Amino acid sequence: MKKTSVAIFGSTGSIGRSAVDVIFHLIDRFQPFCIAAHQAVEQISLQAQRLKPRLVILTDPKAAEIARSKLGRGFKVLAGLKALADVAQSDEVDILIMAMSGTDGLIPVLKALRAGKRVALATKEILVAYGELVMRTARRYKGKILPIDSELCALHQCLDGRDIRAVRSLILTASGGPFWRKGLPEDAKLDEVLNHPTWKMGRKITVDSATLMNKGLEVIETVRLFGVKPEQVKTVIHPESIVHSMVEFVDGAILAQISNPDMRLSVQYCLTYPERLNSPVPPLSFENIKPLRFFPVDLDRFPCLKLAYQALKKGPGTTCVLNAANEIAVAAFLNHKIAFGKIPVIIAKTLKEHLRQKKARVSTLRALRKTENWAKGYALNLIERHRKNRCLVQ
């Protein structure tokens with residue numbers, strides 16, 4: 001049997017590491033063609049020695065030079081974002097796993113879709129900021145997007161082969177992060193915010209989970225990926241993270257996808273679909289799990305989720321601004337430049353200015369790039385003014 005060739009972009013992050021484990025587990029079925037990261041030389045070198053890919057890419061040129069020296073002649077090491085785009089559209093790659101953070105992976109995703117490939121997508125920001133463009137490209141060139149996010153992957157499994165017109169609502173579950181009981185503390189410390197009760201993830205997505213912006217981004221992704229209306233997408237707090245999402249049909253029946261909270265299951269689903277194979281994830285033991293609880297989300301206590309719904313209704317330009325402003329605000333918090341509670345304030349003020357300028361309906365790649373850059377610049381300016389004046393009014 002010919003092996004399926006896979007490229008993993010973002011291989012050293014939490015999703016990328018799960019992908020490496022899955023491919024190693026299914027090494028008789030999958031050929032690791034390329035692994036890529038930004039500058040994590042040590043981690044990607046260990047992965048290269050484990051998987052023996054044809055190519056290793058580090059987008060940081062200095063890191064690539066170090067890796068080239070470290071790995072020796074047995075490995076081909078390339079540098080730069082262009083190398084990612086070239087690999088993504090290469091005839092030698094069957095499936096692209098996109099697990100890079102932010103929107104730097106947009107062009108490789110578009111290149112892969114234009115080549116009619118399967119893209120296993122873990123990067124929320126791409127569908128949030130550029131989702132309509134990405135979905136148009138997939139439809140036009142018959143590319144396939146399968147979501148790695150556990151919640152969207154769960155929806156895909158529940159919906160597979162079913163008529164979307166029979167759906168009443170799609171229900172995304174949220175762990176709620178560390179603050180689901182009381183809402184966002186204005187001055188939460190960094191270690192409190194990063195102490196996620198269920199998942200081990202990167203710093204940015206862990207902050208998003210604490211503010212529930214993570215769920216807001218997933219709401220936008222869900223609308224773009226499955227073609228439903230914003231009001232059809234609901235969210236509930238589910239602290240145990242066992243039920244990953246649910247689909248409610250018009251007759252009142254509800255299907256749920258239930259499993260241990262392990263991203264390797266979602267990665268493997270995207271790689272082997274429509275087949276099901278044995279996975280490295282332990283099966284769920286119903287005898288040992290805690291009672292499963294579900295709570296409504298108070299949007300007033302979690303303004304980031306409320307802002308995501310509002311942006312979604314305004315169009316692709318506004319969701320692009322939401323994503324960009326959130327990216328800047330979270331980075332500022334992680335770098336101790338703003339308090340935790342100021343994250344939604346930065347996003348809200350940036351959205352307000354964007355809507356005042358009446359540019360919500362932009363949809364081309366060039367216009368969206370311009371909008372994204374404007375939003376980042378505006379949010380950065382807000383943060384700098386805040387740092388100088390110590391005053392950021394809602």
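Remember, predicted model here, so these are calculated numbers, not experimental data.
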Are [X] and [Y] grouped together when hydrophobic residues (ILVMFWY) are joined by side-chain heavy atoms under 4.5 angstrom apart?
{"X": "V247", "Y": "I220", "value": "yes"}
{"X": "L184", "Y": "I343", "value": "yes"}
{"X": "V228", "Y": "L152", "value": "yes"}

Can a donor-acceptor pair be found, under 3.5 Å and without considering hydrogens, that links the side chain of [X] to the backbone of [Y]?
{"X": "Q268", "Y": "N278", "value": "yes"}
{"X": "N335", "Y": "K337", "value": "no"}
{"X": "S90", "Y": "D86", "value": "no"}
{"X": "S69", "Y": "I66", "value": "no"}
{"X": "D94", "Y": "S5", "value": "yes"}
{"X": "T173", "Y": "H244", "value": "yes"}
{"X": "S11", "Y": "I8", "value": "no"}
{"X": "R264", "Y": "V22", "value": "no"}
{"X": "E248", "Y": "V167", "value": "no"}
{"X": "K52", "Y": "Q49", "value": "yes"}

Whether over 12 other heavy atoms sit under 6.0 Å from [X] [atom1]:
{"X": "F24", "atom1": "CZ", "value": "no"}
{"X": "D28", "atom1": "CG", "value": "yes"}
{"X": "D191", "atom1": "CG", "value": "yes"}
{"X": "R366", "atom1": "CZ", "value": "no"}

Look at [X] together with [Y] and state whether they make a salt bridge at an N to O cut-off of under 4.0 Å.
{"X": "E240", "Y": "K290", "result": "no"}
{"X": "E192", "Y": "K189", "result": "no"}
{"X": "D60", "Y": "K62", "result": "no"}
{"X": "R29", "Y": "E275", "result": "yes"}

| query | Is the ring centre of F179 less than 6.0 Å from the ring centre of F340? | reply |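 Yes; F340 has its ring centre under 6.0 Å from that of F179.
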With a 4.5 Å limit on heavy-atom distance, are the side chains of [X] and [Y] in contact?
{"X": "I148", "Y": "I97", "result": "yes"}
{"X": "R203", "Y": "L190", "result": "yes"}
{"X": "P32", "Y": "V6", "result": "no"}
{"X": "L113", "Y": "R140", "result": "no"}
{"X": "C153", "Y": "L155", "result": "no"}
{"X": "P239", "Y": "S175", "result": "no"}
{"X": "Q43", "Y": "L46", "result": "no"}
{"X": "R369", "Y": "L106", "result": "yes"}

| task | Take H156 and Y269 through the ring-ring contact (aromatic ring centres under 6.0 Å, His included) test and state the conclusion after the steps. | result | CA-CA 10 Å; H156 191 278; Y269 175 81; 5.7 Å; yes
| said: Nearest 0.5 angstrom please: I258 CD1 to Q157 CD, how far? | reply: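 CD of Q157 is found 11.5 Å from CD1 of I258.
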| query | Going through the checks in order, is the side chain to side chain contact (heavy atoms under 4.5 Å, CB included) test met by V243 and M246? | reply | CA-CA 8 Å; V243 178; M246 296 172 276; 3.8 Å; yes
| field | Summary of salt bridge (charged side-chain N to carboxylate O under 4.0 Å, His left out) pairs that have at least one residue in residues 7-16, sequence neighbours excluded | value | none
| said: Applying side-chain hydrogen bond (donor to acceptor under 3.5 Å, both in side chains) as the test, list every pair that has at least one member in residues 113-131; sequence neighbours left out. | reply: K124-D149, K124-N214, K124-E218, E125-K204, Y130-E372
| said: Show, in sequence, the C-alpha distance, side-chain angles and deciding distance for T103 and N323, and conclude whether the side chain to side chain contact (heavy atoms under 4.5 Å, CB included) test is met. | reply: CA-CA 10 Å; T103 56; N323 180 72; 4.1 Å; yes
| query | With no hydrogens and no angle check, do the side chains of Q357 and E353 hold a donor and an acceptor under 3.5 Å apart? | reply |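 Yes, side-chain donor-acceptor contact under 3.5 Å.
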| message | Once side chain to side chain donor-acceptor pair (under 3.5 Å) is applied, do any residues pair with D21, and if so which ones, sequence neighbours excluded? | response |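 With sequence neighbours excluded, D21 shows a side chain to side chain donor-acceptor pair (under 3.5 Å) to R50, given in chain and number order.
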| task | Mind telling me whether W374 and H354 have parallel, tilted or perpendicular rings, with 30° and 60° as the class edges? | result |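 H354 vs W374 ring planes: tilted.
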| request: Starting from the C-alpha separation in whole Å, work towards a yes-or-no answer on side chain to side chain contact (heavy atoms under 4.5 Å, CB included) for F294 and I237. | output: CA-CA 5 Å; F294 301 90; I237 299 289; over 6 Å; no
